[in-house]
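To start, the structure itself, in structure tokens.
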Amino acid sequence: MKCSQTRAIQTHIITYPHLNFHKTLFGGQLMAWLDETAGIAAVRISRAAIVTASVDHLDFLAPLKASHSVCIDAYVSGVGTRSMEIFAKVIGEDLLSGERYLAGTCFMTFVVPKGASLPETIEPETKEEQFICQGYEARKKVRQAKRQESIDFAQNIDLDIPWN
Ligand SMILES: CC(=O)SCCNC(=O)CCNC(=O)[C@H](O)C(C)(C)COP(=O)(O)OP(=O)(O)OC[C@H]1O[C@@H](n2cnc3c(N)ncnc32)[C@H](O)[C@@H]1OP(=O)(O)O
């Protein structure tokens with residue numbers, strides 16, 4: 001399957017319900033849209049009931065201003081056995097001037113249920129897709145190491161009710 005066959009895109013106008021104190025897009029809203037868009041890309045390759053396993057390297061590069069549009073563009077950039085990596089980019093656009101800017105990039109990992117299968121490879125075509133996909137194996141190694149760290153870390157987190 002080609003990266004482009006998994007591509008999912010959402011575009012929104014940045015207006016009041018989604019603004020923060022700075023009159024720019026609330027980061028939590030952007031994260032929700034990212035998860036939704038990336039999730040669609042993940043289902044397109046797997047046709048399975050995926051879950052979000054991790055979000056790494058979410059860089060907020062520029063604020064998204066009120067009345068600009070925000071376009072979230074996501075595609076599968078690597079496949080493992082049950083996991084897949086999705087790359088997403090966030091593009092802001094001043095709709096009156098037409099100026100576009102990169103507001104963020106992000107990698108997310110989604111996992112299919114046990115028993116579901118994924119294609120063995122994903123095929124990049126454009127220069128950007130080739131650039132992104134070539135880093136998949138290295139990023140997966142880092143993620144696997146971090147996952148173990150995260151499991152060890154969780155052993156030290158207490159679940160007590162704070163007001164007791
Ligand atoms: C769509 C939604 O809104 S979902 C809501 C939010 N997400 C959730 O609730 C998920 C909660 N977490 C879970 O259910 C589990 O931890 C899971 C399903 C993510 C992983 O659990 P398991 O099935 O036991 O994982 P297992 O160790 O078998 O690994 C399966 C694959 O996932 C990958 N993986 C598991 N956890 C992570 C992680 N945190 N980050 C990156 N990759 C991961 C593994 O590397 C492995 O990849 P591979 O098969 O390509 O080699």
Side-chain angles (χ1 to χ4, degrees), residues 1-15 17-20 25-61 64 69-91 102-126 128-162:
M1 187 176 266
K2 295 171 178 161
C3 293
S4 58
Q5 292 174 289
T6 70
R7 199 155 197 162
I9 295 174
Q10 280 190 12
T11 309
H12 303 268
I13 287 212
I14 302 164
T15 52
H18 305 314
L19 298 185
N20 58 27
L25 180 64
F26 173 53
Q29 178 60 62
L30 179 59
M31 287 158 84
W33 284 335
L34 275 164
D35 192 33
E36 198 173 73
T37 316
I40 291 169
V43 174
R44 285 197 169 135
I45 194 172
S46 63
R47 300 296 170 195
I50 45 87
V51 291
T52 315
S54 67
V55 180
D56 49 64
H57 220 87
L58 169 55
D59 286 323
F60 292 98
L61 300 172
L64 288 149
S69 69
V70 54
C71 174
I72 296 137
D73 182 347
Y75 54 88
V76 175
S77 51
V79 280
T81 307
R82 281 178 53 221
S83 72
M84 66 211 112
E85 179 195 75
I86 316 294
F87 170 69
K89 57 185 173 179
V90 180
I91 297 167
L102 187 63
T105 60
C106 168
F107 288 100
M108 303 174 81
T109 301
F110 288 80
V111 176
V112 295
K114 287 188 177 121
S117 60
L118 286 172
E120 277 179 20
T121 54
I122 184 83
E123 190 189 324
E125 294 172 294
T126 68
E128 180 200 272
E129 288 166 1
Q130 284 163 6
F131 169 71
I132 297 295
C133 290
Q134 76 185 3
Y136 167 68
E137 291 299 339
R139 287 188 298 270
K140 185 168 183 186
K141 259 191 201 139
V142 172
R143 233 173 259 133
Q144 281 170 332
K146 290 258 175 223
R147 186 183 178 204
Q148 192 51 55
E149 269 177 38
S150 168
I151 291 166
D152 298 343
F153 180 86
Q155 302 300 317
N156 296 293
I157 302 303
D158 78 52
L159 303 178
D160 292 344
I161 295 164

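Every number for a ligand or one of its atoms is a count from 1 in the order of the listing. Here the structure is a predicted model, which means the values were calculated and not measured.
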Legend entry - N or O contact, D35 vs ligand 1, cut-off under 3.5 Å: no
Inset, instruction - For atom 41 (C) of ligand 1, grab the closest protein heavy atom and report residue, atom and distance to one decimal in Å. - result: S54 OG, 3.4 Å
Legend entry - Protein contact to atom 31 (C) of ligand 1 [nearest heavy atom, distance to 0.1 Å]: S83 CB, 4.0 Å
Inset, instruction - Compare all side-chain heavy atoms of D35 with those of M31 and state whether any distance is below 4.5 angstrom. - result: no
Inset, instruction - Number the atoms of ligand 1 from 1 as they appear, then name those within less than 4.0 Å of a heavy atom of V111, with their elements. - result: 32 (O)
Legend entry - Sub-4.0 Å heavy-atom contact, M84 with ligand 1: no
Inset, instruction - Heavy-atom contacts with G80 under 4.0 Å: which atoms of ligand 1 show up? List them by number with element. - result: 50 (O)
Inset, instruction - Kindly check if the number of other-residue, nucleotide or ligand heavy atoms within 6.0 Å of CE (M1) is above 12? - result: yes
Inset, instruction - Can you confirm whether something in the protein, heavy atoms only, sits under 4.0 Å from atom 16 (O) of ligand 1? - result: no
Legend entry - Closest approach of any protein heavy atom to atom 21 (O) of ligand 1, naming residue and atom: R147 NH2, 4.0 Å
Inset, instruction - Write out the residue and atom name of the closest protein heavy atom to atom 28 (O) of ligand 1, then the distance separating them to 0.1 Å. - result: R82 NH1, 3.0 Å
Legend entry - Verify atom 8 (C) of ligand 1: protein non-hydrogen atom under 4.0 angstrom away: yes
Legend entry - Any M84 side-chain heavy atom under 4.5 Å of V112 side chain: yes
Inset, instruction - Could you check if a side-chain atom of F110 sits within less than 4.5 angstrom of a side-chain atom of I45, using non-hydrogen atoms only? - result: no
Inset, instruction - Could you check if a side-chain atom of R139 sits within less than 4.5 angstrom of a side-chain atom of F87, using non-hydrogen atoms only? - result: no
Inset, instruction - Identify, for atom 14 (O) of ligand 1, the protein heavy atom at the shortest distance, and state residue, atom and that distance. - result: V51 CG2, 4.4 Å
Legend entry - Nearest-contact summary for atom 38 (C) of ligand 1 - protein heavy atom, Å: A53 CB, 3.9 Å
Legend entry - Y136 (side chain) donor-acceptor with G80 (main chain) under 3.5 angstrom: yes
Inset, instruction - For L118 and T81, work out which heavy atoms get closest and say how close. - result: CD1-O, 3.6 Å
Legend entry - atom 11 (C) of ligand 1: nearest protein contact (heavy atom, Å): T52 O, 4.6 Å
Legend entry - Test of proximity, K114 against ligand 1: N or O pairs below 3.5 Å: no
Legend entry - F60 atom CZ, over 12 foreign heavy atoms within 6.0 Å: yes
Inset, instruction - For I157, look at atom CD1 and say whether over 12 heavy atoms of other residues, nucleotides or ligands are found less than 6.0 Å away. - result: yes
Inset, instruction - Taking the side chain as every heavy atom from C-beta outward, state whether K140 and S83 have any pair of such atoms under 4.5 Å apart. - result: yes
Inset, instruction - Any atoms of ligand 1 less than 4.0 Å from a non-hydrogen atom of K140? List them with their elements. - result: 47 (O), 48 (P), 50 (O), 51 (O)
Inset, instruction - Look at atom 45 (O) of ligand 1 and say which protein heavy atom is nearest, naming residue and atom and giving the distance to 0.1 Å. - result: Q144 NE2, 4.1 Å
Inset, instruction - State, yes or no, whether a side-chain contact exists between Q29 and H12 at a heavy-atom distance under 4.5 Å. - result: no
Inset, instruction - For T109, counting its heavy atoms only, list the atoms of ligand 1 lying under 4.0 Å from any of them. - result: 41 (C), 42 (N)
